[in-house]
Amino acid sequence: LQAISTTALAAMTTAQVTGLTSSEVSALASNMTLQQLSVLTTAQADGLTGATLSSLSSAQLAAISTREIASISSSELANMTSTQLRRLTPLQVTALSTDAVAALATGLSTAQLMALSSQQVAGLTTATLNALSATSTAQLQALSGKVMAAMSTDQLAAIATQSLSALTTTQVGALRSDQLPVVVSQLSANQIKALSSAQLSALGSTQLQALNSSQLQALSASAIAGLSTDQVASLQSSQVALLTSTQVTALSASQLPVVLSQMTTSELKQLSKAQAVALNASSLSALTSSQLQAISTTALAAMTTAQV
């Protein structure tokens, strides 16, 4: 078969090509035209070996339909080098089985990784994800927000710590609320800023207390306002003292009383009239004289006689 000239092979009709056995196709594929390769059947494609696939040019490989790509065994695809593997078009990558993606993930380009579906990523083992994140942050950043949200908590936990900090704000913003507790302590201040109130609602006292100063101060005003009273109450005194003026003014009437006695004089100066009016006598009585004196005259003037 390999003795057939390129000219003679090119003259074969579509019917003749589809009539070849899988072993015959594997032997002739590197000399086939783009049109001939595009009409291969799934049975013929299933017989393509790693060596044959590696011998194809980029144009020839791209000519193989997604249906046929999907039929090629993952073991044969795994025999391709990273350079050869990256000749697959993003569309062809979307046709790969979950087993094939799991076997090939670390060799895929960023463009190919961007094309992966949630179902394909769901098949990645924790070992593969760990290897992927350790290989290149660019590869990890190529995963879409939708794909990140489809990961299990075990998969997310498998991503190396140094790589988690490389996640884009779009990826972090796409994380499910149940995924966040697994990674929140390892996120950068810039990533923390991307978190929504809905995501933060899943954090328990342990995760909140683990936030360092830069992470805590990175929480937006809306994120602070979205915390439950119990979440705010779980903050350590040292954390309450680190709240920015914007965060302090964002505290709601129900949140403020549970942290009032832990606030610094500088923070108490930031209280608005609306916040002052919401304070009850019990929370005010817990303040020291220095703390009381720190409350602005404007805020004090807004208090009712019952509060005073």
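From a predicted model like this one, the values you see are computed outputs, not experimental measurements.
- Follow the hydrophobic side-chain contacts under 4.5 Å out from V258 and you reach L260 in the same cluster.
- Residues forming a side-chain hydrogen bond (donor to acceptor under 3.5 Å, both in side chains) with Q209 (at least two apart in sequence, or on another chain): none.
- If you take CD on Q36 and CG on L28, they are separated by 9.0 Å, rounding to the nearest 0.5 Å.
- Taking each heavy atom of G123 and T98 in turn, the nearest pair found is CA-CB, 4.3 Å.
- No donor-acceptor pair closer than 3.5 Å links the side chain of Q179 to the backbone N or O of A150.
- At a cut-off of 3.5 Å, with distance as the only test, no side-chain donor of S285 or S282 sits close to an acceptor on the other residue.
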Derivation and outcome, side-chain hydrogen bond (donor to acceptor under 3.5 Å, both in side chains), residues S252 and S254: CA-CA 5 Å; S252 67; S254 60; 3.2 Å; yes
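- Taking CG of L287 as the reference point, atom CD1 of I295 lies at 5.5 Å (rounded to 0.5 Å).
- Expressed to the nearest 0.5 Å, how far CG of L271 lies from OG1 of T298 amounts to 11.5 Å.
- Looking only at side-chain heavy atoms (C-beta outward), L53 and L77 come within less than 4.5 Å of each other.
- For the side chain to side chain contact (heavy atoms under 4.5 Å, CB included) with V183, the qualifying choice from I159, T153, L164 is L164, the only one to do so.
- Contact check for Q199 versus L175: side-chain heavy atoms found under the 4.5 Å cut-off.
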Let me see the working for E24 and T21 under side-chain hydrogen bond (donor to acceptor under 3.5 Å, both in side chains), right down to the final yes or no. CA-CA 5 Å; E24 290 172 334; T21 65; 3.3 Å; yes
After noting the C-alpha distance and the side-chain angles of L187 and L180, does the key distance pass the side-chain contact (heavy atoms from CB on, under 4.5 Å) rule? CA-CA 10 Å; L187 298 180; L180 191 58; 4.1 Å; yes
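- Rounding to the nearest 0.5 Å gives a distance of 11.0 Å between NZ of K269 and CD of Q293.
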Can you list the steps and then say if E68 with L48 is a side-chain contact (heavy atoms from CB on, under 4.5 Å)? CA-CA 10 Å; E68 276 59 68; L48 294 176; over 6 Å; no
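- Note: Q215 CD to K193 NZ = 12.5 Å, rounded to the nearest 0.5 Å.
- Between the E267 side chain and the L243 main chain, a donor and an acceptor come within less than 3.5 Å of each other.
- Among residues at least two apart or in separate chains, salt bridge (charged side-chain N to carboxylate O under 4.0 Å, His left out) pairs with a member in residues 172-192 are R176-D178.
- Residues passing the side-chain contact (heavy atoms from CB on, under 4.5 Å) test with A174: none are found, sequence neighbours excluded.
- In the hydrophobic clustering of ILVMFWY residues, with side-chain heavy atoms under 4.5 Å counting as a link, V277 and M263 come out apart.
- The backbone N or O of G50 lies less than 3.5 Å from a partner atom in the side chain of E76, making a donor-acceptor pair.
- Across every non-hydrogen atom of R67 and T42, the tightest pair is CG-CG2, 3.8 Å.
- Judged purely by atom type and a 3.5 angstrom limit, Q255 uses its side chain to pair as donor or acceptor with the backbone of I224.
- Side-chain contact check for D154 and S152: no donor-acceptor pair (N or O, by modelled atom type) lies under 3.5 Å.
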Chi angles and distances behind the side-chain contact (heavy atoms from CB on, under 4.5 Å) call for Q155, L124: CA-CA 8 Å; Q155 286 179 307; L124 297 181; 4.0 Å; yes
Take D46 and I72 through the side-chain contact (heavy atoms from CB on, under 4.5 Å) test and state the conclusion after the steps. CA-CA 4 Å; D46 185 48; I72 300 174; 5.9 Å; no
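- In this structure, S26 and T52 approach most closely via the heavy-atom pair OG-OG1, 2.8 Å.
- Here side-chain hydrogen bond (donor to acceptor under 3.5 Å, both in side chains) pairs that include residues 234-243, with residues two or more places apart or in two chains, are S237-Q262.
- Listed here is the closest heavy atom pair of L200 and Q231: O-NE2, 2.9 Å.
- Checked by atom type and distance alone, the side chain of Q191 never pairs as donor or acceptor with a backbone atom of V172 at under 3.5 Å.
- Remark: V39 engages T14, V17, T18, Q35 in a side-chain contact (heavy atoms from CB on, under 4.5 Å) (not counting sequence neighbours).
- In this structure, Q275 contributes its side chain and V248 its backbone to a donor-acceptor pair below 3.5 Å.
- Pairing each heavy atom of A198 with each of S177, the nearest pair is O-CB, 3.8 Å.
- Residues L40 and L9 fall within the same hydrophobic cluster, defined by Ile, Leu, Val, Met, Phe, Trp and Tyr side chains chained together at heavy-atom separations under 4.5 Å.
- In this structure a side-chain-to-backbone donor-acceptor pair under 3.5 Å is present from Q44 to L20.
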Which atom pairs, donor and acceptor, lie under 3.5 Å between side-chain atoms of residues 87-96 and protein residues at least two apart or in another chain?
residue : atom : partner : partner atom : Å
R87     : NH1  : L56     : O            : 2.7
T89     : OG1  : Q92     : N            : 3.1
T89     : OG1  : Q92     : OE1          : 3.4
Q92     : OE1  : T89     : N            : 2.8
Q92     : NE2  : L61     : O            : 2.7
Q92     : NE2  : I64     : O            : 2.9
T94     : OG1  : L91     : O            : 2.5

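- Applying the side-chain contact (heavy atoms from CB on, under 4.5 Å) test to A194 and every residue at least two apart in sequence or in another chain returns T169.
- Looking at residues two or more places apart in sequence or on another chain, you find a side-chain hydrogen bond (donor to acceptor under 3.5 Å, both in side chains) between S220 and S222.
- No hydrogens or angles considered: a donor-acceptor pair under 3.5 Å links the side chains of S54 and Q84.
- No side-chain heavy atom of V121 sits less than 4.5 Å from a side-chain heavy atom of S118.
- A chain of hydrophobic side-chain contacts below 4.5 Å, direct or via other Ile, Leu, Val, Met, Phe, Trp or Tyr residues, connects L284 to L268.
- Contacts of A221 classified as side-chain contact (heavy atoms from CB on, under 4.5 Å), with partners at least two apart in sequence or in another chain: T246, A250.
- Looking only at distances, no side-chain donor or acceptor of Q141 sits under 3.5 Å from a matching main-chain atom of Q171.
- A pairwise comparison of heavy atoms in Q60 and L37 identifies CB-CD1, 3.4 Å as the closest pair.
- Shown here are the side-chain hydrogen bond (donor to acceptor under 3.5 Å, both in side chains) partners of S97, two or more places apart in sequence or in another chain: there are none.
- Once rounded to the nearest 0.5 Å, the distance linking CG of L227 with CG of L208 reads 6.5 Å.
- Counted within 6.0 Å of CE on M12, heavy atoms from surrounding residues, nucleotides or ligands total more than 12; the atom is thus considered enclosed.
- I69 and L34 end up in different hydrophobic clusters when Ile, Leu, Val, Met, Phe, Trp and Tyr side chains are linked at under 4.5 Å.
- Here S73 pairs with S75 under the side-chain hydrogen bond (donor to acceptor under 3.5 Å, both in side chains) rule; sequence neighbours left out.
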